[in-house]
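Shown next, in structure tokens, is the structure this report addresses.
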Amino acid sequence: MVQIKTDLLKLKEHVENCKKCDLWKGRNKAVFGEGDENAEVMLIGLGPGYNEDQQGRPFVGAAGKLLDKLLALAGLKREEVYIANVIKSYLPDNKPKKEQIAACTPYLDKQVEIIKPKTIVLLGNVAVKYVFEKFKLPKAPMRDIHVKPFSVASLFLKAKVIPMYHPAAALRNPGLRSTIEEDWEKIKDVL
Ligand code: SF4
């Protein structure tokens, strides 16, 4: 357990000093990720917006408050899970470029390798696309795959991955909110 903490802290230091893609120039604070290093459930979102960049923490502000409520619907507290993002530096337009994803995801891969979660909840299309391509899962639109568990395995990991709408989608499109809330109630049975 101490080793997990040490490995994550070392990786965090790399991220905080990282200049591997152009996003470092607009960064105030890198958002490495946070939560229980021994969590069985890991959440992967997109990347830091303005509030996350100011605080250096994932999912703060309106999307963070909503995420806390959604976690509660699944019977979870924020401190019981680990939350990370595909992109670690401020992403002003929520649209990471291919080369930014390629530069940053080795950090995410390493986080997953260290934490070894049993379940990975993929929040939004970018996280789904990255993980589905990595594990060669069939491509499908979110409306067809949300809240469905898929099994993945590698040398370092054996887990379920569950695609979910990003909480910010409910803020942008209030019509989606009830679907997203129902998904989080359903996920309780899968976790
Ligand atoms: S987004 Fe990732 S790869 Fe790009 S500078 Fe930040 S930490 Fe490095």
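Counting starts at 1 for both ligands and their atoms, following the listed order.
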Review point. Is the count of non-hydrogen atoms from other residues, nucleotides or ligands lying under 6.0 Å from Lys110 atom NZ greater than 12?
Key: no
Check your understanding: Between Asn125 and Tyr130, is any side-chain donor less than 3.5 angstrom from a side-chain acceptor?
Key -> no
Point to revise | Pair Phe32 + His14: ring centers closer than 6.0 Å | key: no
Review point. Is it true that the side chains of Lys88 and Gln111 contain a donor and an acceptor less than 3.5 Å apart?
Key: yes
Check your understanding: What is the number of protein N, O or S atoms that sit under 2.8 Å away from atom 8 (Fe) of ligand 1?
Key -> 1
Exercise for review: In plain terms, say whether Lys29 and Glu52 are close enough for a salt bridge, that is, a side-chain N and a carboxylate O under 4.0 Å apart.
Suggested key: no
Practice item. May I ask you to identify, for Gln100, whether its side chain, its backbone, both or neither come under 4.0 Å of ligand 1 on a heavy-atom basis? Key: neither
Revision key, fill the gap. Glu181 meets the side chain to side chain donor-acceptor pair (under 3.5 Å) criterion, sequence neighbours left out, with Arg177
Check your understanding: Would Glu13 and Asn17 count as having a side-chain donor-acceptor pair, cut-off 3.5 Å?
Key -> no
Practice item. Within a distance under 4.0 Å of any heavy atom of Arg27, pick out the atoms of ligand 1 and give their elements. Key: 5 (S), 6 (Fe)
